[in-house]
2 protein chains.
Amino acid sequence: MQKKVTIYDLSKILNVSPATVSRGLNDHPSISAKTKKRIALAAKKHGYITNKFAVNLTKQKSNTIGVIVPRLNSYFMSTVLAGMEQVINKVGYNLIISQSLESEEKEKINAKTLLNSGVDALLVSLSYETSNYDHFIDYTSRNIPLLFFDRVLNLPECYTVLIDNKAAGYEATEHLIHQGCTNILHISGHLKRNVYSERFEGYKNALQANNISFQEANFLETDLNPKKIDRVMKHIKNSTNKIDGIFVSSDNFAASCIKELTKEGYRIPEDIKVIGFNNDFVSEIVSPNLSTIDYPGFKMGMLAGESIIAHLNGNINLESINAITLRHKLIKRESTSK
Amino acid sequence: MQKKVTIYDLSKILNVSPATVSRGLNDHPSISAKTKKRIALAAKKHGYITNKFAVNLTKQKSNTIGVIVPRLNSYFMSTVLAGMEQVINKVGYNLIISQSLESEEKEKINAKTLLNSGVDALLVSLSYETSNYDHFIDYTSRNIPLLFFDRVLNLPECYTVLIDNKAAGYEATEHLIHQGCTNILHISGHLKRNVYSERFEGYKNALQANNISFQEANFLETDLNPKKIDRVMKHIKNSTNKIDGIFVSSDNFAASCIKELTKEGYRIPEDIKVIGFNNDFVSEIVSPNLSTIDYPGFKMGMLAGESIIAHLNGNINLESINAITLRHKLIKRESTSK
DNA sequence: AAGTTTAATGCAATCGGTTGCGTAATTAAT
DNA sequence: ATTAATTACGCAACCGATTGCATTAAACTT
């Protein structure tokens, strides 16, 4: 193994000071062109690579951004991350990614770990469980920028990137109503999270606007895990009024519903119409095709990444901005046709 | 904003030397219990957090592991990453994740960036394109452990985690044969990558073992992008001998095939039987259910993570091990039933 | 009581760049 | 030719923790 080459080694080789080598490598204006060339050549020749540890220490900056997501293995989240990674890498930053696995405890630990490892900023999408937010105080009190995306939190110092879930929930529900549904079941995630509570709001508003009274029995709070579909099926079968429409807050779960309902003899969309959320890949695969809300995950990731970078570079100041809302889109497919 | 507290601040407050504070915080045996307690208390009281930049510099180690994957937004990859993240976080390491987007150029850049940022090890799944491997020399020559998973490379110093793709390809193909198929199309990814070339080998071996001669026309090298399904459909329609079985190297693509074939009037599995690869979520959603090869992504991630950690801790030496092969499993579903 | 262990802590160098300030060398101005 | 202005570079402190090697203080031997 070759031992690592430092600017001190280069400075000896070139007979200049380490300061000159450092400035030369960083293209500092006060170094002459020839000297820069000599330095660059020597650096290449001896395989010099800058020791980021030392740079980080002096600059007190790691060029690294932390991310906490509920889970990595979801189509939506991995798409968001792909967007982030793309813009962030382009400007020389790195992404440290960790998952909370929907646990508040793990989210806290991750936040602390990332704080410790010196991330320059933190991007978070909250876990299902989280209801105490003290672990973010460490960041705000240290002026480390904090940005929430998708599953957000309305802290005064923080900035959020999301879609208008209330409007989207409204549109999805109204679409079902327009297609003739009158007794619509809403299968939601945990209401603690904005994304679900707001879609629920939208759902209720759409009902009201169309003179349909909301029934408690038509609301199901779940963890949207396709493996726990049984409870939903039981609920549907046992409902007193025949359910003729379902608005599910996740495509995966909606696809499972379609699959299971079909198996039980229900015809989709004739007996029950179904609409999902996310425009996941499965929505085009399931039969019948799933109507859904297009959710711009990749753009959300890019935007979150761009915003945080711009803030770090001092180009924009997130403190004056509250939230960025992305455009969503209703996608009508077979599962809700008349 | 509170200014950051250092061990020097604490040492002044407590009237001890910085060395004592450092040792106290690290539970060094030569510090008395009372002093340790005083130090711990003061640290908590003043919100001290260790400056990882300084630690990294002295220790020349970042407790960070780099990962390069082709894409983040794939069900399989995000599952692998979830496995890695889980084991790696548990032992106090962080994961820096980057994606090559199937481009050799980007893979090279990522490798360099990660090297620069001082990762302690690198985990790689190769891009489609990559055919030159010089960017990994920087790692091997510096004795930075390098581990390939899934899409691997057989370098002497490197360690790989994968499944037996040849056997899996054999089983998938033979299953189709057992179900009565005699003219089986294989839709593959780029043969440059082991995962695809070996499945192809397995496919050919299974044909041969069953006295079916391999037809060039029954092999399609693609990039497995569902958006480019047209070419495949054309191929199937134009094939001289009626194709009665398809072995696709990806569930997503297989699901798209089923969808499209059904649309064109083919009956699955009566006219054509289809088997995929990966046991992705969509395989259970598509109608008919897709037979496939179960591919232990989460375990693969865990194993890769555990191996690299064990190596870094000196518990095992990867240099003596060549490859770890995980168990796969044939999953028979409706798409290949008789 | 003098010498020897043992326990507890401090000194100071080190990791590898960065950067404000000073200085020598070169060029421009008068 | 002398002074002023640039240009090019070096000095040395600094970022914050770690650690080998003293050193001091306390405990133990004989």
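In the text below, chain A, chain B and the rest are named by the order of the sequence lines, each starting its count at 1.
B:Val21 comes within contact range of no nucleotide atom at all, as no heavy-atom separation falls under 4.0 Å. Residue A:Phe53 is out of contact with every strand shown, counting any heavy-atom pair closer than 4.0 Å. Residue contacts shown for A:Asn56 are absent, as no nucleic acid heavy atom lies under 4.0 Å away. If you check every strand for non-hydrogen atoms under 4.0 Å, A:Ser32 touches sugar and phosphate atoms only. The residue A:Ile7 sits close to a base: some heavy atom pair falls under 4.0 Å.
Look at CG on B:Asn51: it is 8 Å from C1' on D:dA17, rounded to the nearest Å. Following rounding to the nearest Å, B:Leu10 (CG) and C:dT9 (P) show an atom-to-atom distance of 15 Å. For A:Asp9 and C:dC15, the CG to P distance is 10 Å, given to the nearest whole Å.
Judged purely by atom type and a 3.5 angstrom limit, A:Tyr93 has no side-chain atom pairing as donor or acceptor with the backbone of A:Gly305. Judged purely by atom type and a 3.5 angstrom limit, B:Tyr48 has no side-chain atom pairing as donor or acceptor with the backbone of B:Ile7.
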What protein N or O atoms touch nucleotides 19-24 of chain D N or O atoms at under 3.5 angstrom, if any, and at what distances?
| unit_1 | atom_1 | unit_2 | atom_2 | d |
| --- | --- | --- | --- | --- |
| D:dG20 | O6 | B:Arg23 | NH2 | 2.5 |

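For B:Lys61, the NZ atom sits in a packed shell: over 12 heavy atoms of surrounding residues, nucleotides or ligands are nearer than 6.0 Å.
The phosphate of C:dG17 (OP1 or OP2) has a side-chain N or O of A:Tyr48 nearer than 4.0 angstrom.
Taking for each of B:Ala54 and B:Asn15 the nucleotide of DNA chain C with the nearest heavy atom, the 5'-most of the two is the partner of B:Asn15.
For the residue pair A:Lys108 / A:Asn132, a side-chain donor-acceptor distance below 3.5 Å is found, with atom types taken as modelled.
Residue pairs that meet the ring pair (Phe, Tyr, Trp, His ring centres under 6.0 Å) test with at least one member in residues 56-92 of chain B, sequence neighbours left out, are B:Phe76-B:Tyr295.
In summary, of the residues considered (A:Lys192, A:Arg151, A:Arg193), a salt bridge (charged side-chain N to carboxylate O under 4.0 Å, His left out) with A:Glu102 occurs for A:Arg151 alone.
Closest to the side chain of A:Thr6, from the set C:dA8, C:dG17, D:dG16, is C:dG17.
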